[in-house]
Undergrad: 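Take this structure first; my questions come after.
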Amino acid sequence: MKKNLLSAAVKGAIGFTAAAVMVPATPVFAQQDAEMVEEVVVTGSRIERANDVSVSPVTSVSAEDLKATGVVRVEDLINDLPQVAATQTAGQANGSTGTATVSLRGLGSQRTLVLIDGRRMPAGSPLAGGSGADLNQIPGALVERVEVLTGGSSATYGSDAIAGVVNFIMKDDFEGVRFETQTSVYQHNNDNSSMQRLVEESGYDVADGSVTDGHTDDFSLIMGANLDNGRGNVTAYANYRKIDAVLQSDRDYSGCSLSGSSDNFACGGSSTVPWGRFTDFGLNDGDTTEGFDYSLGDNGELVDFSRPYNYGPLNYFQRPDERWTMGAFGHYEINEHAEAYAQLMYADDRTVAQIAPSGAFFVTSDLYCGNPLLSDEQFEAFCGVYGLTEDNYVSDLNVVNTDEDTGLTTENPGALYIGRRNVEGGPRQDDMRHTTFRGVFGLRGDINDNWNYDVYYQYSEVSLEQTYYNDMSVTNIRRALDVREDEDGNAVCQSVIDGSDPNCVPWDIFSADGVTQEAIDYLVLPLYARGTTDQEILSGYVTGDLTDYGWKLPTAESGIAVVMGLESRREKLNYSPDMGYQNGEGAGQGGPTLPVDGSLNVKEIFGEMNVPLISGMPGAEYLGLELAYRYSDYSTDEQTNTYKVAADWQPIDDLKVRASFQSAVRHANIRELYRAQSIQLFDMDYDPCGSRTEADGTVVEPSYTLEQCMNSGITAQTYGNQIDSPAGQYNYIGGGNPDLSPENSDTLSFGFVYSPEFVDGLTLSIDYFNITVEDAIASIQPETILDKCIETGDDLFCGAINRGGNGNLWIGDASITATDVNIGYFETEGFDINANYGFDVGSYGAVDMNFIATYLTKWDQQEFEGQPTEECAGYWNSSCGTPTPEFVSTLRATWSTPWNVDINGSWRHIGSVTDLGANNADFDAINYFDLSAAWVASDNVTIRSGINNVFDKEPPLTSDAGSGIYGNGNTFPGIYDALGRYAFLGLTVDF
């Protein structure tokens, strides 16, 4: 493949940073002939420098890497980088936003700024959790390379670059026509005997033998032509991608939702079961009354509740996805002082997140005893045993409890809660379609020999169409369960009799096979939401070389280079759910979903300066200083100052030493500022004030005393009740805060790049990094609020807890309030290691090798002042959430054979992590091996094929991989290879 001089300069510059993945290892130093290359910009600065390199370490992933791995989702390649922690991926079902995001250093996608050719991408979705840029908007076939700079870069690029920058450099000078296609599948041998035995013994179907699924087809067309004897170029592209779904039932290790520890797994599930659960949750236990907990047997008889519903198999392990992207990049030199350029990008991505069927998730607490659908046995168990008649409700029961110590009595009404899964209505499906337009229009050029400029206008819009199928209406559930007998002896809804809802159809869940299609049609409630995110940017800057003006130190060969610029940015978000969402009518939504409408404006002035201090002297081939500053004025009356100070020193030709300090900020995004408060779900193993029964029958008592638990709203009557959520999910009230202040962070980095002359083709770098974030925007974890309240009784925490009637925190309005505040503190530090080595093997071609790794020495967080600092490096679960291995690495090797075949191999290593949860699910280190090859069949045709995860390594399993920490299918799909081997076959044809 031919490479122009600019491309060679970029490759050389990135290679010298020693953080390039699979690029030629030949070092390129600042002493090269300046006439051989053009000036380039490397991510992290707008200053153009000939034959120079970034002061900060930059990781580069080339287009060749993308093809060698065979992935068609850009996030799959990015997530393999040691600096990246997985967030939203195609493996997310429950809690998915339909987007793919990137989180550098594990600090969150909202703290990672994603760019296209140095310009911002918009927020990926107006949905909650969608503030990060959506990588689905990136056409992989048009990517020239991806540059990843970790650490604060707000002085250069503005807000959100606390963790760093991911910059997609696109092809914009293509000539000819290129067609590319690739097909790929997953293959896995279901041979996990222990999981198969567990699932079968639990009475569930289990996957067995070899399975091939997750089929993906990807087609791309690129067309480009030079204009007017090379004065310009237009490059256009179109891409279509279709990905098939994979169910959790297709893998034996996700055949059921696990509970318990890894040495004693059991199949867990939900107590909202297809055969119905009828219980008082202990509320009817009194001096003279007893509670109940029943299900329906096979013939409709009442049996003690014992068997949960296996909700896992219907969940998507890989979401289906269909995407179109198209666009055009163009530039034209009007004259020697002006070049016009434009970028037009369009993406239409539709995906479906599927989870288990909806149901009546204990949304009712009462029942009419005269319901004609009740059998005689059911009437006696629910009402007759308490002396109630057919004219009564269960709530007419008066439950009296006398405290043995004080003699005080309390009274509460009787209750009956119903959990019934709507398997007849099919699984819930969240259909999300994001349509994106992005346009950039600019003018750039040379003012004179020393000065040039770049001015552009950018507009981006993301439109969301969301339709949620097969949920159920809470109101209609209540009406369909409130049934009477009419004058003709027919069972009809009370709302039909009184005329409040003449369309109501009784829901007969009290007998086997009693549910009718008419009842399902009445109960099922589709939900709709629409939304947009808009981004508008007007930016301009000038860059200058002040050498000719005498701004040069006598000890340096070149003078000071500067950048000065202005930028205005406007962002707007609108999310408009229908009334079903807003009223919390969706029984399977966990609470209301409220609208958000807000905007944010910022005006900024920024500058950079590169100061060569010494050059061409013994012990100082080059010594330079780099400075940057940005002032930002927000429409929220917040003003911020960010800056960078960096230095690079090259004592000898073979060695470069670099260091930088950057102060960065992140202003609150629109959702953090303006979203309304609503009930949401969080993961917690168990309620510490309740009791629970383990799989082996052992009863575990509360973790705290009665006196401690009373701080959180527990009473003597509810203490020790079985108040755990069977799904491990509890309610909390989250919401925005318009008074949020910007986050602040400091990044310190220093390291060296060594390319010894005596080892031709070797480049080695080691860089230390330390990132601290203060006043981080977050909510206190609801579980922390609960623990702190129980332990201290402080009203700051206890006032945020609202327990339900039986002490629960997951039924109805029971919840913990945890809205956004400026409280968080994060600190992460470690070392990035990179080595490139290329060598010839005589007549057998050449080999290029690359090793890239991150060794994490610290990842600490403090939820709020006074809270102990939590160490998360090498841990997962509890407040640490997603696994954070201490050591992650990738070793890649490419053998360029003399037979027009390139053979690639890689070894991916993910370090071990220790579980902080109660189940002690420690994950051992895991290794994956990949192989691929590319054959240049002719001047115009290249065929490539490969297998990732050659040995079909299974992911580590746990019962605590909740959706709130990007888990799914008893593991973490974004971190580990969750589906088995990945095989691909691709073709590139140039015309």
Side-chain angles (χ1 to χ4, degrees), residues 19 21-22 59-62 65-93 96-112 114 121 124 129 132-138 140 143 145-150 163-168 184 186 214 216 243 317-319 321 832 852-854 856 859 876 881-885 887-892 906-911 913 923 926-928 930 948-949 953 955-956 961 965-969 971-980 982 984:
V21 179
M22 295 297 290
T59 299
S60 179
V61 181
S62 70
D65 302 329
L66 193 62
K67 289 183 173 63
T69 59
V71 299
V72 296
R73 293 183 295 238
V74 174
E75 73 269 18
D76 291 342
L77 181 66
I78 299 297
N79 284 335
D80 281 343
L81 294 175
Q83 302 94 331
V84 175
T87 51
Q88 287 284 342
T89 67
Q92 195 80 5
S96 172
T97 62
T99 64
T101 55
V102 58
S103 169
L104 290 175
R105 304 296 187 197
L107 291 173
S109 59
Q110 72 274 28
R111 298 183 181 95
T112 299
V114 183
M121 289 183 66
D134 184 7
L135 302 188
N136 285 311
Q137 300 170 13
I138 303 292
V143 174
R145 67 185 186 279
V146 187
E147 296 177 356
V148 179
L149 170 66
T150 60
V165 172
V166 179
N167 190 10
F168 289 87
S184 57
Y186 287 98
T216 298
I243 301 175
F317 221 158
Q318 172 177 273
R319 296 194 317 272
D321 182 272
D832 287 330
I852 181 171
T854 293
L856 200 63
W859 206 109
W876 81 278
T882 305
T884 307
F887 187 76
V888 180
S889 67
T890 298
L891 174 65
R892 299 181 186 271
S906 70
W907 167 29
R908 293 177 283 133
H909 174 83
I910 302 173
V913 288
F923 295 164
I926 195 165
N927 299 283
Y928 298 109
D930 311 326
N948 297 340
N949 189 7
K953 186 78 172 179
I965 52 175
Y966 307 111
N968 194 26
T971 189
F972 295 91
I975 300 174
Y976 304 101
D977 289 13
L979 300 180
Y982 175 80
F984 64 92

Undergrad: Is the side chain of Asn79 donor-acceptor paired with the backbone N or O of Glu75 at a distance under 3.5 Å, no angle test?
TA: yes
Undergrad: Identify the heavy atoms of Gln92 and Arg319 that sit nearest to each other, and give their distance.
TA: O-NH1, 2.9 Å
Undergrad: Where the side chain of Tyr982 meets the backbone of Gly70, is there a donor-acceptor pair that is under 3.5 Å apart?
TA: yes
Undergrad: Which residue pairs pass the salt bridge (charged side-chain N to carboxylate O under 4.0 Å, His left out) test when at least one of the two sits in residues 98-111, sequence neighbours left out?
TA: Arg105-Asp832, Arg111-Glu743
Undergrad: Can you see which heavy atom on Pro973 is nearest to which on Phe317, and at what distance?
TA: CG-CE2, 4.1 Å
Undergrad: With Asn948, which residues qualify under side-chain hydrogen bond (donor to acceptor under 3.5 Å, both in side chains), at least two apart?
TA: none
Undergrad: Less than 4.0 angstrom from a charged side-chain N to a carboxylate O is my criterion; do Asp977 and Arg908 meet it?
TA: yes
Undergrad: For the pair Phe887 and His909, name the ring-plane relationship: parallel under 30°, tilted 30 to 60°, perpendicular over 60°.
TA: tilted
Undergrad: Ring centroids only, cut at 6.0 angstrom: are Trp876 and Phe923 within range, meaning strictly under it?
TA: yes
Undergrad: Whether the side chain of Ser103 engages the backbone of Gly108 through a donor-acceptor N/O pair (distance < 3.5 Å, no angle test) should be reported.
TA: yes
Undergrad: By side-chain hydrogen bond (donor to acceptor under 3.5 Å, both in side chains), which residues pair with Tyr966, not counting sequence neighbours?
TA: none
Undergrad: Hey, are the side chains of Phe984 and Thr216 touching, using non-hydrogen atoms and a 4.5 Å cut-off?
TA: no
Undergrad: Do Tyr186 and Gln318 have side chains that approach each other closer than 4.5 Å (heavy atoms only, starting at C-beta)?
TA: yes
Undergrad: Of all heavy-atom pairs between Arg73 and Ala90, which one has the smallest distance, and what is that distance?
TA: NH1-CB, 3.5 Å
Undergrad: Is a side-chain donor-acceptor pair under 3.5 Å present for Gln83 with Thr59?
TA: yes
Undergrad: Could you tell me which non-hydrogen atom of Asp134 sits nearest to which non-hydrogen atom of Ala100, and how far apart they are?
TA: OD1-N, 3.0 Å
Undergrad: Would you say that Val61 contacts Glu147 through its side chain, given a criterion of any heavy-atom pair below 4.5 Å between the two side chains?
TA: no
Undergrad: Can a donor-acceptor pair be found, under 3.5 Å and without considering hydrogens, that links the side chain of Thr112 to the backbone of Ser109?
TA: no
Undergrad: Among all residues two or more places apart in sequence or in another chain, which pass the side chain to side chain contact (heavy atoms under 4.5 Å, CB included) test with Pro955?
TA: Tyr253, Thr971, Tyr976
Undergrad: Is a donor on one side and an acceptor on the other found under 3.5 Å between the side chain of Asp76 and the backbone of Val71?
TA: no
Undergrad: Between Ser62 and Ser60, is there a donor-acceptor pair closer than 3.5 Å when you use the side chain of the first and the backbone of the second?
TA: no
Undergrad: Please name the pair of heavy atoms, one in Ala133 and one in Thr101, separated by the smallest distance, quoted to 0.1 Å.
TA: O-CG2, 3.5 Å
Undergrad: Return the set of residues passing side-chain hydrogen bond (donor to acceptor under 3.5 Å, both in side chains) with Asn167 (not counting sequence neighbours), or none when no residue passes.
TA: Thr43
Undergrad: Are any of the side-chain heavy atoms of Leu104 and Val84 separated by less than 4.5 Å?
TA: yes
Undergrad: State which residues pass side-chain hydrogen bond (donor to acceptor under 3.5 Å, both in side chains) with Ser906; sequence neighbours excluded, sorted by chain then number.
TA: Asp930
Undergrad: Closer than 3.5 angstrom, by distance alone: can the side chain of Asn136 be matched with the main-chain N or O of Thr99 as a donor-acceptor pair?
TA: no
